[in-house]
Amino acid sequence: LAWFAEKIAAPSYMLFLVHRPVSAFMKRIYFPGAGVYQALYLFAICLPVAYLAARFAHHVYEVFFNRYFAHNFKKLH
């Protein structure tokens, strides 16, 4: 359980930011009519896609953030 919490903790805010655009996009692609199938689609397909998008966006954010601050820190010393 701790391993899982560590994996989702870092990009959790990014997941909050990207879940709406991803779910809107996924609903445009396909959205089942029945309630049970909607829930299955959202949890089995949309949630993992949103999680992967959040991990990618968080990774890109960290790379640029670390490069920017590492570059500025070298200038100060």
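Note that the coordinates shown come from a computational prediction; the quantities given were computed from them, not determined experimentally.
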Let me check something: any side-chain donor-acceptor pairs from residues 16-40 under 3.5 Å, sequence neighbours excluded? List them with distances.
from	atom 1	to	atom 2	distance (Å)
His19	ND1	Phe16	O	2.8
Ser23	OG	His19	O	3.0
Ser23	OG	Arg20	O	3.0
Gln38	NE2	Pro32	O	3.0
Gln38	NE2	Gly33	O	3.4

Review item, side-chain donor-acceptor pairs of residues 50-58, under 3.5 Å, at least two apart:
from	atom 1	to	atom 2	distance (Å)
Tyr51	OH	Lys7	O	3.1
Arg55	NH1	Lys7	O	3.1
His58	NE2	Ala10	O	3.2

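The hydrophobic clustering, which links ILVMFWY residues whose side-chain heavy atoms are closer than 4.5 Å, places Leu47 and Tyr41 apart. Residues Phe65 and Met14 fall within the same hydrophobic cluster, defined by Ile, Leu, Val, Met, Phe, Trp and Tyr side chains chained together at heavy-atom separations under 4.5 Å. Under a hydrophobic-cluster definition in which Ile, Leu, Val, Met, Phe, Trp and Tyr are linked whenever side-chain heavy atoms come within less than 4.5 Å, directly or via other members, Val49 and Leu42 are assigned to the same cluster.
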